[in-house]
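Values below: all heavy atoms of this structure, side chains included; hydrogens, waters and symmetry mates excluded.
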Amino acid sequence: MDTSDTNKLPAASASPAAARGWGPIASVLVRFTFAYWLLYSLPVILTFPMQLASLAVEQLGPKSWSSEPPPWVTTGMSWLSAPSGWLDQANNWLTPRVSSILLGVTVEPPTDPSGSGDRLMYYCTAFTDLALAVAVTILWTALSALYRWWRGHERPDYDRLHAWMRLIVRFHLMFQMIIYGAVKVWCDQFPPINDGQLEVKYGDSSPMGLLWRFMQFSQPYTAATGIIEFTCGALLITRRTTLLGALCAAGATFQVFLLNMCFDVPVKLMSGHLLLMALTLIAPDVPRLVAFFVLGRPIAPRPITPLFGKWRRVERAATYLLTSVFCAFAALQLFSAYCDATTRGILAPEDPTLGRWVGKEFVRDGQPVPFPEQPANPPAQQFSQGKWRGGRDMPPAIRANVNQWMVTFGLEDGSGATYRKTGRDRTELVLAKMADGSPAGRLTPTFPEPDIMVLEGPLDGQYVRMTFRRIPPPPKKEYQLRSRGFRWVQEHPYNR
């Protein structure tokens, strides 16, 4: 929204469309698009207050709040997250039933964590939104026709409904472009390529892995794409720059959608919707764009339809409030991504806890636990889910793999326990469960010797003290991908 729009409310409300009403096709179309985009955007709309509050607490509150927030903060967050939880419950109840009846597909809400946005449940949820939008449109159209026949009214005026639909679409598109842009600016989504990835044979790469390594190789290119996406989101904050932001976002999301389709990245559903959102915002201005860019004719500014009709004070207050909130969200999101980069990203100093570790000793609740003899340089191995699934009586940890985002403990019984790192303070590892993000433990790392690490603290309901020895990394290999470098002058192409 734009504060300057409120000064032109009387002129804006007297648009030609309002005088003649909306035709039957246009009326049905705006009813359907409003219903569908509202249903599709509800999760983002209901999550936004909690996400904004979480960013404010994390970035503006005391540093201790990131690991131990006061009770009133925790209570407030639970209240803000409640509507989103209720929507999830309703969706988990409705989607399987609609999918079974209309598609003949059996689907259950996923319980395992996954980074995929193209799970069957998500496609069925989008289909459920589509089915509900069609049903709402049919009922709405029938009631509107009946009301017009009964009261003898002229064609309905949906200018204000269209303005609210544009606000919903603009907000959702802005939200996603700012988030994805911010994490790319500081290369958090595509961190620098590592030796393990370089060891994978070119022909053994998955299509997604090939795209990821392409992006990871060049931090300047990754940052440039993030700046573009973040700028698109910033332009969508105000109504005055919405068309420019939508045009830029259409190009950016089309590129992302093509990459997801061509490299089999499981974010096709969301990126396709973001592209459709940008096109939805552009569609009313297509005649003006053609007149100006193709026919070379002068065009008048598009009239602004107020969201609250003649309530000018409410309109002005909403303008200032939404603009301030959206700008604050963009600034906090960008600053949060910068803080991540300085603590565990491209701007962070070397973290001594990172790497592969082999266990030496395990103490649980003050009692040493018998520890099996371990090889000096064990090979990398996968630990599957075993008998222990959290809680007390944790088996001895014989391995530990630590990276910037996760900690995995390989246990004596062959099982593995993986936790997400949530803290930014390097003096301790603040861990959360992968399944639901609930707190799991706070381990303090100490290094009595350069290659010896001791992790001590509460973990999954018990107090543990784990001693590890660093597994020596493989010798550094001089990869040509790193050593080749950049050259302005090349007498012959060097393509290998």
Would a distance-only check, ignoring hydrogens and angles, find a side-chain to backbone donor-acceptor pair under 3.5 Å from [X] to [Y]?
{"X": "S41", "Y": "L38", "value": "no"}
{"X": "R166", "Y": "R239", "value": "no"}
{"X": "Q333", "Y": "A330", "value": "no"}
{"X": "S99", "Y": "P96", "value": "no"}
{"X": "S206", "Y": "G209", "value": "yes"}

Once you round to the nearest 0.5 Å, how far does [atom1] of [X] lie from [atom2] of [Y]?
{"X": "L87", "Y": "T47", "atom1": "CG", "atom2": "OG1", "answer": "8.0 Å"}
{"X": "T125", "Y": "L39", "atom1": "OG1", "atom2": "CG", "answer": "11.5 Å"}
{"X": "F447", "Y": "F468", "atom1": "CZ", "atom2": "CZ", "answer": "11.5 Å"}
{"X": "R344", "Y": "D340", "atom1": "CZ", "atom2": "CG", "answer": "4.5 Å"}
{"X": "F257", "Y": "C262", "atom1": "CZ", "atom2": "SG", "answer": "9.0 Å"}
{"X": "M270", "Y": "Y40", "atom1": "CE", "atom2": "OH", "answer": "7.0 Å"}

With a 4.5 Å heavy-atom cut-off, do [X] and [Y] have their side chains touching?
{"X": "F263", "Y": "W212", "result": "no"}
{"X": "K433", "Y": "D460", "result": "yes"}
{"X": "L347", "Y": "Y338", "result": "yes"}
{"X": "E229", "Y": "V185", "result": "no"}
{"X": "D188", "Y": "Q404", "result": "no"}
{"X": "I282", "Y": "L289", "result": "yes"}
{"X": "R399", "Y": "V358", "result": "yes"}
{"X": "M50", "Y": "S84", "result": "no"}

Is it true that, when you exclude [X] itself, more than 12 heavy atoms of the residues, nucleotides or ligands shown sit nearer than 6.0 Å to its [atom1]?
{"X": "Y180", "atom1": "OH", "value": "no"}
{"X": "F127", "atom1": "CZ", "value": "yes"}
{"X": "F292", "atom1": "CZ", "value": "no"}
{"X": "R288", "atom1": "CZ", "value": "yes"}

Determine whether the aromatic ring centres of residues F48 and F329 are separated by less than 6.0 angstrom.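 Centroid separation for F329 and F48: below 6.0 Å.
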Closest non-hydrogen atom pair between [X] and [Y], with its separation:
{"X": "L354", "Y": "R470", "value": "O-NH1, 2.9 Å"}
{"X": "G245", "Y": "L236", "value": "C-CD2, 3.9 Å"}
{"X": "P352", "Y": "W357", "value": "O-CZ2, 3.4 Å"}
{"X": "M394", "Y": "Q462", "value": "N-OE1, 3.1 Å"}
{"X": "R170", "Y": "I237", "value": "NH1-O, 2.9 Å"}
{"X": "P458", "Y": "L443", "value": "O-CD2, 3.9 Å"}

Starting from the C-alpha separation in whole Å, work towards a yes-or-no answer on side-chain contact (heavy atoms from CB on, under 4.5 Å) for L332 and L60. CA-CA 9 Å; L332 288 173; L60 305 179; 4.3 Å; yes
Go through it in stages, so that I can follow the logic: the residues are F190 and F214, the test is ring-ring contact (aromatic ring centres under 6.0 Å, His included), and I'd like the CA-CA distance, side-chain angles, deciding distance and then a yes or no. CA-CA 9 Å; F190 301 105; F214 163 77; 9.3 Å; no
Given F371 and M466, is the side-chain contact (heavy atoms from CB on, under 4.5 Å) satisfied, shown in steps? CA-CA 11 Å; F371 201 87; M466 301 178 283; over 6 Å; no
Is there a side-chain contact (heavy atoms from CB on, under 4.5 Å) between M215 and Y221? Walk through the geometry before answering. CA-CA 7 Å; M215 296 292 295; Y221 179 79; 3.6 Å; yes
One thing to verify: whether E449 and R469 come together as a salt bridge, which I'm taking to mean a side-chain N less than 4.0 angstrom from a carboxylate O.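 So R469 does not pair with E449 through a salt bridge.
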For K421 and L431, run side-chain contact (heavy atoms from CB on, under 4.5 Å): C-alpha distance rounded to whole Å, both residues' side-chain angles, the deciding distance at 0.1 Å, then the answer. CA-CA 5 Å; K421 293 164 65 174; L431 306 180; 4.1 Å; yes
Pairs touching residues 253-269 that satisfy salt bridge (Lys or Arg N to Asp or Glu O under 4.0 Å), sequence neighbours left out: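 Counting only pairs at least two positions apart or across chains, the salt bridge (Lys or Arg N to Asp or Glu O under 4.0 Å) contacts touching residues 253-269 are D118-K268, D264-K268.
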